[in-house]
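Right, one structure below, let's go through it.
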Amino acid sequence: MKPTGTAVDSDIQGVKMKDYPVSKQFQVKPDYNLGVCILASGSKGNAIFISSGDTSLLIDAGLSGIEIERRLRSRGLDPKDLNAILVSHEHSDHIQGVGVLSRRYKLPVYINSKTREAAVSQLGNLHDFKKFECGSMFSINDLSIHPFSISHDAEDPCGFTVNQNGTKVGIATDLGIATSMVKEHLKGCTLLILEANHDEQMLINGPYPWPVKQRVKSRTGHLSNAATKTLLNELQHDGLRHVMLAHLSETNNTPQKAVNEVARALTRCKARLEVALQDKCGALLRFK
Ligand SMILES: [Zn+2]
Ligand SMILES: [Zn+2]
């Protein structure tokens with residue numbers, strides 16, 4: 001079907017090319033398959049922007065709508081270019097801005113039934129919602145998305161892989177243990193966004209009440225730096241280019257401790273290792 005309105009053919013310096021509107025900066029087909037920007041990561045709010053150029057998503061929107069808009073714009077991204085929001089689970093650090101962004105930009109929200117039920121009052125009316133099931137792949141335009149179950153104290157929590165033309169991004173935060181199913185899904189990624197929530201000693205010696213420490217450490221809590229090191233050691237492969245450590249505790253971890261511990265896993269590949277922050281929007285990473 002011929003695109004309506006916005007895209008027109010133009011002939012620049014003798015080369016036939018598409019002329020897209022200026023705001024659609026991702027739409028001039030870039031020389032990469034996926035662009036990824038972690039807008040925020042941690043217990044005060046999580047949101048990840050992923051785009052193929054033609055299709056742009058948010059995975060979780062756990063800051064206010066205004067703050068997510070601000071962070072997108074700080075990286076030259078226009079919230080109007082978003083096509084959908086995907087929700088991993090109902091904890092408020094993942095859904096705070098979902099309802100407002102869905103209504104403001106008329107975005108469908110992809111969410112599973114149990115998560116939607118648990119989040120219904122916080123989400124309010126959505127422009128549209130699309131149901132997915134953990135374990136069942138679906139597509140949004142040119143993006144293939146595979147949600148998979150993770151072990152966390154929510155109704156039906158999931159991680160995601162997003163695949164475009166062989167470039168694969170794997171996202172797993174908010175999980176107490178990395179099950180064999182999680183490992184299976186995260187194989188072969190170009191970019192891994194993995195939780196490195198706490199340093200075990202800092203958690204044990206830290207200020208949290210004992211029941212909260214137990215919850216964080218449990219099979220339905222959060223991954224420690226040491227657990228993430230073990231996971232990454234198994235997942236590393238030649239094609240792994242970048243690892244972002246995510247959902248770090250501000251009380252029970254430091255970026256330095258997380259990097260120092262997890263870096264020891266990367267013995268067989270040259271992936272870059274970085275930390276996603278709570279207060280600062282990450283760079284826009286591009287992957288072929
Ligand atoms: Zn969380
Ligand atoms: Zn959570």
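Both ligands and their constituent atoms are indexed starting at 1 by order of listing. These figures come from a predicted structure and were not determined experimentally.
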Hey, does the Lys NZ or Arg CZ of Arg241 hover above the aromatic six-ring of Phe287, less than 6.0 Å from the centre and inside 45° of the axis?
-> no
Please collect all ring pair (Phe, Tyr, Trp, His ring centres under 6.0 Å) contacts where either partner lies in residues 243-265, sequence neighbours excluded, each pair once.
-> His94-His247, His222-His247
Hey, can you tell me if Phe160 and Phe132 have their rings parallel, tilted or perpendicular (30° and 60° cut-offs)?
-> perpendicular
Electrostatic pair Lys114:Glu117 at N-O distance under 4.0 angstrom | no
Among Ile, Leu, Val, Met, Phe, Trp and Tyr joined by side-chain contacts under 4.5 Å, find the other residues sharing a cluster with Leu192 and list them by chain and number.
-> Phe148, Ile150, Leu175, Val182, Leu186, Leu194, Leu223, Leu231, Leu232, Leu235, Leu240, Val243, Leu245, Leu248, Val259, Val262, Leu266, Leu273, Val275, Leu277
Shell check on the Zn ion (ligand 1): protein N, O or S atoms less than 2.8 Å away are Asp93 OD2, His94 NE2, Asp174 OD2, His247 NE2
Return the set of residues passing ring-ring contact (aromatic ring centres under 6.0 Å, His included) with His91 (not counting sequence neighbours), or none when no residue passes.
-> His89, His152
